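Ligands are counted one by one from 1 in listed order, and the atoms in each one are counted from 1 as well. Please read these numbers as outputs of a predicted model, since none were measured by experiment.
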Amino acid sequence: MNERQSERSEMVAAQLRSRGIRNERVLAAMHAIPRHRFVLNEYDEAAYADQALPISCTQTISQPFVVARMAEALRLQPSDRVLEVGTGSGYAAAVLSQLAAAVYTLERHHELAAAAVAHFEQLALRNISVGVGDGTAGWPAYAPYDAMSVAAAGPQIPAALRDQLALGGRLVMPVGERSEQHLLLLERLSNGDQLYDLGTVRFVPLIGTAGWKD
Ligand code: SAH
């Protein structure tokens with residue numbers, strides 16, 4: 001994972017630290033994961049640019065800052081088990097795999113899931129499990145999860161996801177309209193759920209039973 005390290009150092013300094021990402025484990029994970037391996041060949045040169053990029057199935061690989069912001073908000077411990085909804089390229093799951101014990105990631109497009117699995121194998125990332133299906137139902141077989149990252153935007157936090165969150169667990173998800181959303185952080189506490197608004201974001205739509213219609 002040594003290729004293009006200097007570009008990642010620059011990315012961490014200019015796009016992440018300078019914008020307030022402080023968690024050293026998150027910064028180290030962003031430095032470790034070779035984002036260029038997850039982008040399409042035609043975007044190879046732009047792999048460390050400060051932007052989301054197109055991937056197959058008219059989806060996108062998230063902007064590095066957004067991946068770091070979501071990972072930081074989850075306050076991951078090395079023993080945590082994480083559910084991600086929206087594998088996409090697999091880049092965010094790879095970052096999360098450096099911060100937690102196990103990552104379970106769901107993708108509705110078979111083609112994207114298969115490409116992500118191949119990338120994880122090439123990079124010897126062995127603590128990631130990929131499932132194909134509607135992630136708005138969660139992945140009950142491995143529940144409960146200490147943390148959840150939803151990488152596509154929906155009209156509300158799906159009840160099934162909240163229910164598969166452990167007590168003390170954290171969930172981040174963009175919630176709002178199809179065009180613009182707020183990144184919400186939900187904490188499941190013994191005396192109720194706490195919601196925080198982390199600001200305006202733009203994500204591709206979450207398509208599914210508890211998301212938008214296709
Ligand atoms: N985390 C990704 C970015 C994913 S973009 C990365 O780092 O590249 C959002 C992804 O969510 C898309 O691939 C889209 O197909 C997927 N998606 C949308 N609705 C979904 C659903 N209900 N279940 C699973 N995946 C979904």
Side-chain angles (χ1 to χ4, degrees), residues 11 15-16 26 29-30 32-40 43 46-74 82-100 103-120 123 125 128-142 145 147-162 164 171-176 178 181 183 201-214:
M11 174 189 87
Q15 301 174 31
L16 308 183
V26 170
M30 296 294 296
I33 297 298
R35 190 171 190 259
H36 64 278
R37 296 284 200 95
F38 294 87
V39 305
L40 297 173
Y43 295 106
Y48 295 101
D50 186 17
Q51 63 191 71
L53 292 168
I55 56 174
S56 305
C57 306
T58 66
Q59 302 301 317
T60 55
I61 174 172
S62 304
Q63 181 191 14
F65 174 70
V66 171
V67 173
R69 183 93 176 87
M70 291 174 83
E72 183 168 69
L74 291 175
V82 183
L83 178 70
E84 183 191 38
V85 175
T87 314
S89 68
Y91 173 64
V95 170
L96 295 171
S97 79
Q98 307 296 290
L99 300 167
V103 177
Y104 301 85
T105 181
L106 290 167
E107 172 55 54
R108 61 188 285 269
H109 288 293
H110 192 276
E111 179 188 335
L112 289 173
V117 166
H119 291 138
F120 301 149
L123 294 169
L125 300 172
I128 309 175
S129 306
V130 182
V132 177
D134 177 7
T136 67
W139 198 344
Y142 299 103
Y145 302 94
M148 293 186 188
S149 178
V150 184
Q156 75 269 311
I157 295 172
L161 294 184
R162 188 263 175 214
Q164 291 171 37
L171 174 154
V172 278
M173 173 175 168
V175 175
R178 278 186 89 128
Q181 311 91 29
L183 188 62
V201 285
R202 276 161 210 264
F203 276 74
V204 297
L206 181 71
I207 306 292
T209 307
W212 300 109
K213 287 196 185 11
D214 207 352

Peer 1: Please work out, at 4.0 Å between heavy atoms, whether the side chain, the backbone, both, or neither of E107 comes within that distance of ligand 1.
Peer 2: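 Both the backbone and the side chain of E107 come within reach of ligand 1.
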Peer 1: Please answer whether the main-chain N or O of Q164 pairs with a side-chain N or O of W139 as donor and acceptor at a distance below 3.5 Å.
Peer 2: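 It does not hold such a pair.
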Peer 1: Got a second to check how far S62's OG is from R202's CZ, nearest 0.5 Å?
Peer 2: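 Answer for the OG-CZ pair, S62 versus R202, is 14.5 Å.
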Peer 1: Please report which non-hydrogen protein atom sits nearest to atom 12 (C) of ligand 1, along with the residue it belongs to and the distance in Å to one decimal place.
Peer 2: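 In this structure, atom 12 (C) of ligand 1 has Q59 OE1, 3.2 Å as its nearest protein heavy atom.
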Peer 1: Does some non-hydrogen atom of A93 fall short of 4.0 Å from ligand 1?
Peer 2: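 Outside the 4.0 Å threshold, so no.
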Peer 1: Need the ligand 1 atom indices (1-based, order shown) with element for anything under 4.0 Å from a heavy-atom of H109.
Peer 2: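 The atoms of ligand 1 under 4.0 Å from a heavy atom of H109 are 15 (O).
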Peer 1: Let me see the working for Q15 and M30 under side-chain contact (heavy atoms from CB on, under 4.5 Å), right down to the final yes or no.
Peer 2: CA-CA 11 Å; Q15 301 174 31; M30 296 294 296; over 6 Å; no
Peer 1: CG/L16 to CZ/R69 distance, rounded to the nearest 0.5 angstrom?
Peer 2: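 Output value for this atom pair is 12.0 Å.
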Peer 1: G135 versus ligand 1: do any nitrogen or oxygen atoms come within less than 3.5 Å of each other?
Peer 2: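 Looking only at distances, the answer is yes, because the N/O contact criterion of under 3.5 Å is met.
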Peer 1: Which of the numbered atoms in ligand 1 are under 4.0 angstrom from any heavy atom belonging to E84?
Peer 2: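 Heavy-atom distances to E84 below 4.0 Å select 1 (N).
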Peer 1: Using a 4.0 Å heavy-atom cut-off, say whether D134 meets ligand 1 through its side chain, its backbone, both or neither.
Peer 2: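 Looking at D134 and ligand 1, atoms from backbone and side chain both fall under 4.0 Å.
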Peer 1: Given T136, which of I207, L161, L206, L106 fulfils the side chain to side chain contact (heavy atoms under 4.5 Å, CB included) condition?
Peer 2: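 Looking at I207, L161, L206, L106, the match for T136 under the side chain to side chain contact (heavy atoms under 4.5 Å, CB included) is L206.
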Peer 1: May I ask you to check whether G208 has an N/O atom sitting below 3.5 Å from an N/O atom of ligand 1?
Peer 2: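 There is no such contact.
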Peer 1: Give yes or no for whether the N/O distance cutoff of 3.5 Å, strictly under, is met between I207 and ligand 1.
Peer 2: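 N/O-N/O distance below 3.5 Å exists for this pair.
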Peer 1: Give the numbers and elements of all ligand 1 atoms closer than 4.0 Å to a heavy atom of L112.
Peer 2: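 Within the 4.0 Å cut-off of L112, ligand 1 contributes 13 (O).
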Peer 1: State, yes or no, whether a side-chain contact exists between R35 and V67 at a heavy-atom distance under 4.5 Å.
Peer 2: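 No; the side chains remain at least 4.5 Å from each other.
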Peer 1: Quick one: are S129 and Y142 in side-chain contact, heavy atoms under 4.5 Å?
Peer 2: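 Of all side-chain heavy-atom pairs linking Y142 with S129, none is under 4.5 Å.
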Peer 1: Considering only protein heavy atoms, which is closest to atom 8 (O) of ligand 1, and at what distance to one decimal place?
Peer 2: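 Closest protein heavy atom to atom 8 (O) of ligand 1: S89 OG, 2.6 Å.
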Peer 1: L53 vs F38, test: side-chain contact (heavy atoms from CB on, under 4.5 Å). Steps then yes/no.
Peer 2: CA-CA 10 Å; L53 292 168; F38 294 87; over 6 Å; no
Peer 1: Can you list the ligand 1 atoms lying under 4.0 Å from a non-hydrogen atom of A151?
Peer 2: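 Matching atoms, with element in brackets: 1 (N), 5 (S), 9 (C).
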Peer 1: Among all protein heavy atoms in this structure, tell me which lies nearest to atom 7 (O) of ligand 1, with the distance rounded to 0.1 Å.
Peer 2: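 So the nearest neighbour among protein heavy atoms is A92 N, 3.0 Å.
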Peer 1: Name all residues meeting the ring-ring contact (aromatic ring centres under 6.0 Å, His included) criterion together with Y43; count only those two or more places apart in sequence or in a different chain, and write none if there are none.
Peer 2: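 For Y43, no residue satisfies ring-ring contact (aromatic ring centres under 6.0 Å, His included) once neighbours in sequence are set aside.
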Peer 1: At a 4.0 Å threshold, what atoms of ligand 1 neighbour a non-hydrogen atom of T60?
Peer 2: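 Counting atoms of ligand 1 from 1, those under 4.0 Å from T60 are 3 (C), 4 (C), 5 (S), 8 (O).
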Peer 1: Rounded to the nearest 0.5 Å, what separates atom CG in L112 from atom CD1 in I55?
Peer 2: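 Between atom CG of L112 and atom CD1 of I55 there are 5.0 Å.
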Peer 1: So, does G133 sit close enough to ligand 1 that a heavy atom of it is under 4.0 Å from the ligand?
Peer 2: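 Distance cut 4.0 Å: G133 passes for ligand 1.
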Peer 1: Take every heavy atom of T87, measure it against each atom of ligand 1, and state whether any distance is under 4.0 Å.
Peer 2: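 Within the 4.0 Å threshold, so yes.
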Peer 1: Considering only protein heavy atoms, which is closest to atom 11 (O) of ligand 1, and at what distance to one decimal place?
Peer 2: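 Scanning the protein heavy atoms, the shortest distance from atom 11 (O) of ligand 1 goes to G86 CA, 3.1 Å.
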Peer 1: At a 4.0 Å threshold, what atoms of ligand 1 neighbour a non-hydrogen atom of I61?
Peer 2: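 Counting atoms of ligand 1 from 1, those under 4.0 Å from I61 are 8 (O).
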Peer 1: Determine the sole option in L125, V26, V103 for which the side chain to side chain contact (heavy atoms under 4.5 Å, CB included) test with Q98 is passed.
Peer 2: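 Exactly one option meets the side chain to side chain contact (heavy atoms under 4.5 Å, CB included) with Q98, and it is L125.
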Peer 1: Is there side-chain contact between Q181 and V201, with heavy atoms separated by less than 4.5 Å?
Peer 2: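 Q181 reaches V201 side chain to side chain.
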Peer 1: Just to be sure I'm reading this right: ignoring hydrogens, which of S56, P205, A210 gets closest to atom 18 (C) of ligand 1? Compare them by their nearest heavy atoms.
Peer 2: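 That would be P205.
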Peer 1: Any atoms of ligand 1 less than 4.0 Å from a non-hydrogen atom of V204? List them with their elements.
Peer 2: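 So the answer, numbered in order with elements, is 5 (S), 9 (C).
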Peer 1: Taking A210's backbone N and O only, do any of them form a donor-acceptor pair with Q156's side chain (distance below 3.5 Å, no angle check)?
Peer 2: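 The answer is yes, because a donor-acceptor pair under 3.5 Å joins these two groups.
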Peer 1: Check whether any heavy atom of C57 sits under 4.0 Å from an atom of ligand 1.
Peer 2: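 Contact check C57 vs ligand 1: negative.
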Peer 1: I need the contact type for R108 against ligand 1. Using non-hydrogen atoms and a strict under-4.0 Å cut-off, is it side chain, backbone, both or neither?
Peer 2: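 Both of them.
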Peer 1: Would you give the length of the straight line joining atom CD1 of I33 to atom CG of L96, rounded to the nearest 0.5 angstrom?
Peer 2: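 Taking CD1 in I33 and CG in L96, the distance rounds to 9.5 Å.
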Peer 1: Hey, which atoms in ligand 1 end up nearer than 4.0 Å to a heavy atom of S62?
Peer 2: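 Once the distances to S62 are compared, the set is 3 (C).
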